[in-house]
A.B. asks: 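So that we are looking at the same thing, I have put the structure below in structure tokens.
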Amino acid sequence: MEWTDNKKTIIIHPPKEFSFEECLVFLGRSNQEMTHQIKDGYLYKLMKLNGKRILLKISGQSREITIDFPLGPLLKNERMLIAKYVWDWFDLERDLCSFYDIAYQDEILRPIVQKYDGLRMIGISNLFEALTWAIIGQQINLPFAYALKKRFIEQFGEPLEFEGQTFWLYPTPEKIAALSVEDLRNLQFSVRKAEYVIEVASKVANGTLTKVDLLQNENDDEIKKTLMNIRGIGEWTAHYVMMKCLHSSSAFPITDVGLHNALKQALGLHRKPSLPEIKGMSKKWDGWEAYATIYLWRSLYD
DNA sequence: GCCCAGGTCTGTC
DNA sequence: GACAGACATGGG
């Protein structure tokens with residue numbers, strides 16, 4: 001991790017293959033997003049560290065990311081944890097050179113990685129958030145998924161008012177574990193989805209499901225098995241969470257509808273590619289399937 | 001009205 | 001192991 005600690009401000013020094021602007025486009029893809037906000041080119045993120053609320057105000061220049069703390073100065077240890085958080089958020093530990101090498105050899109990926117050069121896998125560090133967001137988004141269109149998440153956060157999350165804006169902390173597993181199915185039905189969750197979310201909340205709240213434990217697994221296959229033993233987590237969700245939360249570059253939500261549409265478009269097909277076809281073309285992406293997916297998803301919204 | 005959305009589970013062959 | 005049907009709702 002490369003960063004400079006100026007006490008009031010932190011400056012992150014990302015590796016060369018990074019574009020703050022491209023990441024900002026991704027983060028700004030829905031105006032219903034409540035887990036962060038973008039205003040006047042600044043990215044705001046509210047988080048809680050050891051019970052203390054911290055608001056990050058982030059801006060990107062060509063070779064650095066600057067983080068300010070509008071709520072007041074932080075302790076040295078807190079600043080280090082925040083630097084680490086942002087470093088992981090933008091997946092800056094990863095060396096993208098070999099991905100770009102592979103992608104430039106591939107007819108499908110080449111134009112896309114050229115176009116969105118510097119985009120990185122934006123993470124969801126909070127396991128509970130990653131899991132529930134994935135469950136919420138299952139089988140419904142994205143705008144509706146965002147609408148559900150927005151209601152979920154506004155109903156059960158924690159707000160912070162600052163300079164006329166409201167920032168939100170994601171609901172805690174403890175709070176959600178105590179809900180009834182009916183509480184979530186009121187937000188237009190299906191009965192099934194409500195059950196899944198509450199059950200996952202219970203597991204996280206009672207400590208039987210943790211990020212640390214998941215990362216203790218031997219390999220991605222073991223992590224996947226562990227996740228898929230949980231009700232509501234199938235193949236797609238397991239891979240999504242491995243990408244977004246556990247930093248797996250080879251996770252591959254191959255059944256994803258968005259991925260299918262992106263490939264259809266990239267290849268100029270009249271139908272969506274079949275699973276065997278996708279397996280065939282993804283052989284070239286070995287080890288980088290998650291990044292291929294991120295770039296293909298990106299190609300869908302502009 | 002019909003089909004498709006960031007799928008998963010259950011029951012059946 | 002493969003496959004149909006149910007699940008809830010919104011948009012085209």
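Letters A, B, ... mirror the listed sequences (proteins, then strands); counts begin at 1. When reading the values below, keep in mind they use all heavy atoms of this one structure, side chains included, and skip hydrogens, waters and symmetry mates. Fair warning: this is a prediction, and the values are worked out from it, not measured in the lab.
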A.B. asks: With respect to Glu277(A), which candidate in Arg271(A), Lys272(A), Lys283(A) satisfies the salt bridge (Lys or Arg N to Asp or Glu O under 4.0 Å) definition?
C.D. replies: Arg271(A)
A.B. asks: Taking the P atom in each of dA2(C) and dG6(B), what is the distance between them to the nearest angstrom?
C.D. replies: 26 Å
A.B. asks: Is the distance from the ring center of Phe152(A) to that of Tyr146(A) below 6.0 Å?
C.D. replies: no
A.B. asks: If you measure from the C1' atom in dG10(C) to the same atom in dC9(B), how many Å do you get, rounded?
C.D. replies: 23 Å
A.B. asks: With distance as the sole criterion, is a donor-acceptor pair present between the side chains of Ser299(A) and Gln265(A) under 3.5 Å?
C.D. replies: no
A.B. asks: Taking dG11(B) as the reference, what is the distance to dA8(C) when you measure between their P atoms (whole Å, please)?
C.D. replies: 16 Å
A.B. asks: Here's a test of your reading of the structure: between Asp256(A) and Met228(A), which maps to the more 5' nucleotide of DNA chain B?
C.D. replies: Asp256(A)
A.B. asks: For nucleotides dG11(C) and dG1(B), find the distance between their C1' atoms and express it as a whole number of Å.
C.D. replies: 14 Å
A.B. asks: Looking only at atom P, what distance separates dA6(C) and dC3(B), rounded to whole Å?
C.D. replies: 14 Å
A.B. asks: Think Lys84(A) forms a cation-pi with Trp3(A), using NZ or CZ under 6.0 Å from the six-ring centre and within 45 degrees of its axis?
C.D. replies: no
A.B. asks: Roughly how many Å apart are dC2(B) and dG5(C), using the P atom of each and rounding to a whole number?
C.D. replies: 15 Å
A.B. asks: Answer with base, sugar-phosphate or nothing: what part of the nucleic acid does Ile136(A) contact at a heavy-atom distance below 4.0 Å?
C.D. replies: nothing
A.B. asks: Assign a letter to each nucleotide of nucleotides 7-12 of chain C from its 5' end: B, base within under 4.0 Å of a protein heavy atom; S, sugar-phosphate only; -, no contact.
C.D. replies: -BSB--
A.B. asks: Identify which one of Lys48(A), Lys7(A), Lys52(A) satisfies the salt bridge (Lys or Arg N to Asp or Glu O under 4.0 Å) criterion when paired with Glu78(A).
C.D. replies: Lys52(A)
A.B. asks: Of all nucleotides in DNA chain B that come within under 4.0 Å of a heavy atom of chain A, which is furthest toward the 5' end and which toward the 3' end?
C.D. replies: dA5(B) to dT10(B)
